[in-house]
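Following: one structure in structure tokens, then a few remarks.
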Amino acid sequence: MKVNVANVLVDNVTKLEAIKLIDEFVQSGKPHLVVTAYSEFVVFANRDQNYLKVLNGADLSLPDGQGLVWAANFLAGTKVITEKISGSKFIWDIAELASEKGYSMSLVGGQDNVAALSAQALKLKFPNLKINLAVSERPFDAQIVQGIANSNSDILCIAYAPPKQETWLSQNLSFLNVKVAIGLGGTFDYLSGKRKTAPDWVGHLGLEWLWRLITQPWRIRRMWNAVLVFSFIVFKYKFHGRN
């Protein structure tokens, strides 16, 4: 079921249901776009109709972030999204699926070799996992499109900040020769150990934004969007309806 969060459509799925869908996407042999939507996505989408179309055209939109879950339930007046699916943790579930089913993966994006380090971390837990490509610090241009296509991977995970990552994936999906493409933002930073993940209790309280602000103070502008601007948009939508 799709849930409307201030114009952005998000799927009400559990983690297990999401993994099952990704499995079905790979088996279909056709390219699918998966997005991990959080509060910033809603801010960007309400400013850019093209980005809104990209998000709402995705084959699967996961509720990544407690703020998004709160907003969905607040707008509906009841509990319509029951589970947050964090991209930084969901990648482990994707890797487990790929390892069990023999699917191959590509990791593309980030700085300081985080893709290769992330590949090492995933293969340490899942030795049979096939990672065909793991590259960082590469421009997202025609050359990287060809490199991904040549890797012949089933699942592509890219680390390219929103809204660029979803827009780029949407524009290039048919050329990437993958069955599933998902943008995971800063996930490689956490997976590689470059950044420290927030304790579980922080996530349960919905305070990931505060953790990121404390540990990465240069993100204050993004936190402004993710908390204050996002909240304004949600309240405006609640009491004044669609834009």
*Taking the side chain from S170 and the backbone from E166, do they hold a donor-acceptor pair closer than 3.5 Å?*
no

*Does the gap between the ring centers of F235 and F74 come in under 6.0 Å?*
yes

_When you compare the side chains of S88 and T187, does any donor N or O come within less than 3.5 Å of an acceptor on the partner?_
no

*Among I155, I158, L156, which residue meets the side chain to side chain contact (heavy atoms under 4.5 Å, CB included) test with S106?*
L156

_Note, I233 side chain near V42 side chain (heavy atom, < 4.5 Å)_ = yes

*By side-chain contact (heavy atoms from CB on, under 4.5 Å), which residues pair with E17, not counting sequence neighbours?*
V13, T14

_Heavy-atom check, side chain of L62 versus side chain of L60, under 4.5 Å_ = yes

*Are the ring centres of F44 and F41 closer than 6.0 Å?*
no

*Can you find a heavy atom in the side chain of V35 that is under 4.5 Å from one in the side chain of I182?*
no

*So do the side chains of D11 and M1 get within less than 4.5 Å of each other, counting heavy atoms only?*
no

*Minimum heavy-atom separation for V80 to N73, with atom names?*
N-OD1, 2.8 Å

*Indicate the atoms forming the closest heavy-atom contact of L68 with P63, along with that distance.*
CD2-CA, 3.7 Å

*Counting only N and O atoms by type, is there a donor-acceptor contact under 3.5 Å from the side chain of S99 to the main-chain atoms of F126?*
no

*asked:* When you compare the side chain of I22 with that of L97, does any pair of heavy atoms fall below 4.5 Å?
replied: yes

_Pair K84 + D64: basic N to acidic O under 4.0 Å_ = no

*Between Y237 and N46, do the side chains contain an N or O donor and an N or O acceptor separated by less than 3.5 Å?*
no

*Would you check if F25 and V34 make a side-chain contact, meaning some heavy-atom pair closer than 4.5 Å?*
yes

*Please name all residues satisfying side-chain contact (heavy atoms from CB on, under 4.5 Å) with Q120, sequence neighbours left out, ordered by chain then number.*
L117

*Got L122 and L107 here, is their nearest side-chain heavy-atom distance under 4.5 Å?*
yes

*Check L129 against M105 and note the closest heavy-atom contact, atom names and distance.*
CD1-SD, 3.8 Å

*With distance as the sole test, does N172 use its side chain to make a donor-acceptor pair with the main-chain N or O of F175 at under 3.5 Å?*
no

*asked:* Quick check: do E40 and F230 have side-chain heavy atoms less than 4.5 Å from each other?
replied: no

*asked:* Surrounding NZ of K2 (heavy atoms of other residues, nucleotides or ligands, distance under 6.0 Å), is the total greater than 12?
replied: yes

*Would one find more than 12 heavy atoms of other residues, nucleotides or ligands at under 6.0 Å from atom CD of Q49?*
no

*How about N152 and N132: does a side-chain donor come under 3.5 Å of a side-chain acceptor?*
no

